[in-house]
Novice: 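Sharing a structure here in structure tokens format.
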Amino acid sequence: MLNRRSFIKHTALGSGLLLAGGFPFDSLAGERITKLTILHTNDVHSRLDPFPMDGGKYQGQGGVAARAALVSKIRAEEENVLLLDAGDIFQGTPYFNLYKGEPEIRAMSMMGYDACTMGNHDFDAGVEGFAKQLPHANFPVLVANYEFTGTELEHKTQPYTVVKKAGIKIGIMGLGIELQGLVSPSSFGNTKYNDPLPVAKQVSEMLVKDKKCDMVICLSHLGYKYDGNKICDMDIAKETEYINLIIGGHTHTFLDAPVSVINKAGRETIVNQVGWAGVRLGRLDYIFSSKKDANLTSAQSVIINK
Amino acid sequence: MSRICKYYLYCLFVLLGTSCHHARYIQQHTASLYTVDTTAGKEQQYVQMLQPYRKTMDSIMNVPIGIADTILYKAQPEGTLGDFMADALLQAAQLQDSHVEAAILNYGGIRLPYIASGVITVGKIYELMPFDNQLTVIEIPGDTLIRFCDYMALAKGWPVSGISFAIKDKKAINILVNGRAIDAGKVYKIATNDYLANGGDYCSFLTQLKRSTTSLLIRDVCIDYVKDLAKQGKHLHPYIDKRVYNAE
């Protein structure tokens, strides 16, 4: 991997073909190599401040000011960065009790989040409570399996978005967990939940075949996996064909490395999740080529700053 | 315009155009992980953005209510945070109705992993119980309560007070209510929150039962419990008393 990276850097400097506007560079063989860096959080739960220095496990960790500094540092080093969140932005500190999510959404907008999905706790101030904070968001809320017809959120979320970074087309979709039994019916109101698996199949296939996306990312609040047969990220990974990466949430799972799954089409789908409360920031770096001869290697995981 | 110039303009158009997309293929990926701490510094604009919110919040939340002389933690089958919450709930419910025999809360409703020993503030209890859930008393027939205990056993143990049982093969055994073996034919008054009473955490078996919902918030019940101890000059000190335990 390191050799490959130094080769890429060397080629970029040597050929001088790096074009303006974030265009990738060409190797001598005419191959375009581009790097995409994906940063992600989940279940931040209104943790705008770091955990207090009280001797606890996460003391001094988390907080938007430190996360923003880390994101800025990475943005200064990498050209093509996506910043994503897998839901449960709301609820967990008195900030939410008093301000109903306003500073949380404002901080995410300041940090340049590209998209988020909705978690069950994002309904804690009701559908209208979430809708009320959306004017503070400069990023889309993606959820493909909730229907908000007749609610305050109608037309305010979208099933997916397509982002273009340095010539790479990235389709990003969102999936939400079943609300019945988890969220008070008075909070989710007329929100209709649809089975995430057929929705994931349909949207991801459309993103690849119709929208010509080079990569499909699914922001999921379904949960990593369960003892029972409740649908989870591992199911979505195994049972679909076109999703490259699932950024998960809900189960507050601290994965020390992403999990690699062979999907229905025999290709690789990566599942990741970074615990909760914003004490960790996940990062995945993808190298894209204009040539199809993919000699895909499995994920290498490096624990930085742990 | 020369032909060469036109050619370059054409190329530029093609390159910038969105209709023409050259496919890219994932070749490799690597993963890494950051602990979010102040290694990369702190961005002051966020500190400033939060300042007005924090000022009001601190004036309400940084109010001490009592002292814990041990660390309280969230754990299964039983943890001291859950014990504290369930004890507070049962005490508050019994003040309203002396026939309430036990209290049950959902494990997922404990929203902090721990509370450190020392001074407890209002804000800490808001973090522990951020939801505006209300104290609700449900009349549960004994056979349904056995089912409820089995459900809690399957879920690896929930916070209870006034009830005890052992978990064996994902079922509840040796169930005692108020110190006596559970009677399948008796109806028990059990304190819980409106979230569970409304079928939350998949407790749909509770929704049809007779109940009385109070306007008391579970959070305020916890705050008052700590305050009452402080008034009596006592510290909060829950301990594991094998209410819910794994059978040998």
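Below, chain A is the first sequence line, B the second, and so on; all start at residue 1.
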Novice: If I measure from the heavy atoms of chain A, does K170(B) come under 4.5 Å with its side chain, its backbone, both, or neither?
Specialist: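 No part of it gets close to chain A.
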
Novice: Using heavy-atom distances under 4.5 Å, tell me whether L112(B) contacts chain A through its side chain, its backbone, both, or neither.
Specialist: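 Contact with chain A involves the side chain of L112(B) alone.
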
Novice: What part of S117(B) gets closer than 4.5 Å to chain A, counting heavy atoms only: side chain, backbone, both or neither?
Specialist: neither

Novice: Between M57(B) and chain A, with a heavy-atom cut-off of 4.5 Å, which part of the residue counts as in contact: side chain, backbone, both or neither?
Specialist: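 Both parts, backbone and side chain.
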
Novice: For V279(A), is it the side chain, the backbone, both or neither that has a heavy atom under 4.5 Å from a heavy atom of chain B?
Specialist: backbone

Novice: For Y53(B), does its backbone N or O pair with a side-chain atom of Y99(A) as donor and acceptor, under 3.5 Å?
Specialist: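 Looks like yes, one N/O pair under 3.5 Å.
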
Novice: Quick one: what part of Y202(B) sits under 4.5 Å from any heavy atom of chain A, side chain, backbone, both or neither?
Specialist: both

Novice: Given that the side chain runs from C-beta out, which part of P50(A) has a heavy atom under 4.5 Å from chain B: side chain, backbone, both or neither?
Specialist: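 When you check distances to chain B, only side chain atoms of P50(A) fall under 4.5 Å.
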
Novice: Please classify the contact of L98(A) with chain B as side chain, backbone, both or neither, using a heavy-atom distance under 4.5 Å.
Specialist: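 Interface part for L98(A): side chain.
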
Novice: Output the option from F131(B), Y73(B), Y195(B) having the highest count of non-hydrogen pairs under 4.5 Å with chain A.
Specialist: F131(B)

Novice: Under 6.0 Å between the ring centres of F96(A) and F90(A)?
Specialist: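 So the answer is yes for these two rings.
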
Novice: Quick check for you: among I60(B), V47(B), L50(B), D194(B), which has the greatest number of heavy-atom pairs under 4.5 Å with chain A?
Specialist: L50(B)

Novice: Answer with side chain, backbone, both or neither: which region of Q44(B) has an atom nearer than 4.5 Å to a non-hydrogen atom of chain A?
Specialist: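 No part of it gets close to chain A.
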
Novice: Given a strict heavy-atom distance threshold of 4.5 Å, which part of R267(A) is in contact with chain B: side chain, backbone, both, or neither?
Specialist: neither

Novice: Run D37(B) and T35(B) through side-chain hydrogen bond (donor to acceptor under 3.5 Å, both in side chains) and show every step you take.
Specialist: CA-CA 6 Å; D37(B) 55 23; T35(B) 296; 5.7 Å; no

Novice: Given that the side chain runs from C-beta out, which part of H252(A) has a heavy atom under 4.5 Å from chain B: side chain, backbone, both or neither?
Specialist: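 It is the side chain, since no backbone atom gets that close.
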
Novice: Before giving the answer on side-chain hydrogen bond (donor to acceptor under 3.5 Å, both in side chains), spell out for Q134(B) and T213(B) the whole-Å C-alpha distance, their side-chain angles and the decisive distance to 0.1 Å.
Specialist: CA-CA 7 Å; Q134(B) 293 160 326; T213(B) 302; 5.8 Å; no

Novice: Got a sec: does the CD of Q208(B) have more than 12 other heavy atoms crowding it under 6.0 Å?
Specialist: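 Incorrect, the count does not exceed 12.
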
Novice: Tell me, do I167(B) and Q76(B) make a side-chain contact under 4.5 Å, heavy atoms counted?
Specialist: no

Novice: Has the side chain of Y46(B) got a donor or acceptor atom that lies under 3.5 Å from a matching backbone atom of M111(A)?
Specialist: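 Between the backbone of M111(A) and the side chain of Y46(B) there is a qualifying donor-acceptor contact (under 3.5 Å).
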
Novice: Specify which of T56(B), L128(B), V122(B), N198(B) makes the most heavy-atom pairs with chain A at under 4.5 Å.
Specialist: T56(B)

Novice: Tell me, side chain or backbone of D54(A) under 4.5 Å from chain B's heavy atoms, or both, or neither?
Specialist: both

Novice: Between T93(A) and S46(A) (side chain of the first, backbone of the second, donor and acceptor by atom type, cut-off under 3.5 Å), is there such a pair?
Specialist: yes

Novice: With a 4.5 angstrom heavy-atom cut-off, is it the side chain or the backbone of L255(A) that approaches chain B, or both, or neither?
Specialist: backbone

Novice: Before accepting this row, confirm whether a basic side-chain N of the pair R280(A)/D256(A) lies closer than 4.0 Å to the acidic partner's carboxylate O.
Specialist: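 Salt bridge between R280(A) and D256(A), a charged N being under 4.0 Å from a carboxylate O: yes.
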
Novice: Heavy-atom distance under 4.5 Å to chain B: side chain of K211(A), backbone, both or neither?
Specialist: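 K211(A) has no heavy atom closer than 4.5 Å to chain B.
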
Novice: Please flag which part of D227(A) lies under 4.5 Å from any non-hydrogen atom of chain B: side chain, backbone, both or neither.
Specialist: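 The answer is the side chain of D227(A).
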
Novice: Pair E43(B), K73(A) - check salt bridge (charged side-chain N to carboxylate O under 4.0 Å, His left out), show working.
Specialist: CA-CA 11 Å; E43(B) 289 209 354; K73(A) 184 173 169 278; over 6 Å; no

